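What follows is a single structure, written as structure tokens, with notes after it.
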Amino acid sequence: MLGTSDLSITPIGLGTWAIGGGDWIFGWGPQKDSESIETIRRAIDNGVNWIDTAAAYGLGRSESMVARALRAVPRRERPYIFTECSLVWDELGNVSPSLEARSIRQEAESSLRRLEIDCFDLYQLGWPVEPNTSSRADTRSLEEAWSTMAALQREGKTRFIGVSNCDVGQLERLREIAPVTSLQVPHSLLRRGVEDGTLPFCAGHTIGVIADSSMQWGLLSGKMTRERIDALPHNDWRRRSPYFREPMLTRALAVAERLRTIGSRQRCTPGEVAIAWTLHNRNITATSVGVRHAHQVDEVVGAASVHLSVQERHDLESA
């Protein structure tokens, strides 16, 4: 169960950031619509019962792909749809954060229209800390945004509301305005900052936790090499990420080798081991795993069944 909601979700959900393609500042390079639709349907066929998207992914393209993929799926078999707001763009494609009430309402209506639904299962307020900066949203703006999210819930636009990338202080303030169903945060072997404070806080207040980036944007998939990184398309945002540069790159690839060793014993992929490690944290409800090709779904869904021993977890963490 996700927090105090009635949403019973699978341990792995489909993340659709990469499906948005490369035509925006945080894009992942070229992406065919036909491959996106096939990927979404493969995830559903594999039992994944929730899709995690956002308005900004591909500047609306990701949400549109979700809608197209679900048209042929009977309603009783459709997954839960989670999406996210607070990053907006202009006619030139320039992306900026906005926590204004009017903006959030406009985003909600646009997302509902693109997704071809009347109500979100989970609507998430994203980026109280601006992406790629350390600038935090001021308290008044955050309160205005969360009050608007609560109003959308009362009006039947969304069943539940959650947040992304909030710290404990922000969560405490938001809870005074309206219940927080869930928090989405990055969590991987390379990024463990939420373990000491944020995760215990969520557990103590029955806030569901959706982890993302368990494979650190592909670095821990076991398929990433220096040559592949050098060949990333010019419009793949990962070219700018410090994780894909030294000194982090050498460390990341070393961890990936450790994942490969354990995966060979477990008869699973390195990516599945990385995801399983995240899911072993009892304070994490589920993880949103991003894939962009149907065959990649088959390479990650088994993570929910991978059991890592105490020694294996220690070996990974010591790397």
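Fair warning: this is a prediction, and the values are worked out from it, not measured in the lab. Reckoned from all heavy atoms, side chains included, excluding hydrogens, waters and symmetry mates.
No continuous path of ILVMFWY side-chain contacts below 4.5 Å connects Ile51 to Phe160, so the two sit in separate hydrophobic clusters. No single ILVMFWY cluster, assembled from side-chain heavy atoms under 4.5 Å apart, contains both Leu122 and Leu115.
In this structure, Asp118 places its CG atom where only 12 or fewer heavy-atom neighbours from other residues, nucleotides or ligands lie under 6.0 Å away.
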Which atom pairs, donor and acceptor, lie under 3.5 Å between side-chain atoms of residues 91-102 and protein residues at least two apart or in another chain?
| residue | atom | partner | partner atom | Å |
| --- | --- | --- | --- | --- |
| Asn94 | ND2 | Asp90 | OD1 | 3.4 |
| Asn94 | ND2 | Asp90 | OD2 | 3.1 |
| Ser98 | OG | Ser103 | OG | 3.2 |

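Residues Ser62 and Thr53 share a closest heavy-atom pair of OG-OG1, 3.0 Å. In terms of heavy-atom proximity, Val289 sits nearest to Met215 at CG1-CE, 3.8 Å.
Ring geometry, His187 versus Trp277: the interplanar angle falls under 30°, so the pair is classed parallel (tilted spans 30 to 60°).
Ser241 places no side-chain N or O within donor-acceptor distance of the main-chain N or O of Arg238, the cut-off being under 3.5 Å. The backbone N or O of Gln216 lies less than 3.5 Å from no partner atom in the side chain of Tyr243, so there is not a single donor-acceptor pair. Here the side chain of Thr198 pairs no donor or acceptor atom with the backbone of Asp167 at under 3.5 angstrom. Formation of a donor-acceptor pair under 3.5 Å by the Glu35 side chain with backbone atoms of Arg292 is not found in this model.
Among pairs with a residue in residues 17-29, none fulfils side chain to side chain donor-acceptor pair (under 3.5 Å), at least two apart in sequence or across chains.
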Note to self: Would Glu143 and Arg140 count as a salt bridge (Lys or Arg N to Asp or Glu O under 4.0 Å) here? Give the steps.
What the structure shows: CA-CA 5 Å; Glu143 291 174 354; Arg140 181 175 297 180; over 6 Å; no
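Counting heavy atoms from C-beta on, the side chains of His280 and His307 come closer than 4.5 Å.
A salt bridge links Lys157 with Glu109; the closest basic N to acidic carboxylate O contact falls under 4.0 Å. Between Arg41 and Glu38 there is no salt bridge, since no side-chain nitrogen of the basic residue lies less than 4.0 Å from a carboxylate oxygen of the acidic one. Salt bridge Asp315/Arg258: absent, no basic N to carboxylate O contact under 4.0 Å. Taking a cutoff of 4.0 Å between a charged side-chain nitrogen and a carboxylate oxygen, Glu257 and Arg260 qualify as a salt bridge.
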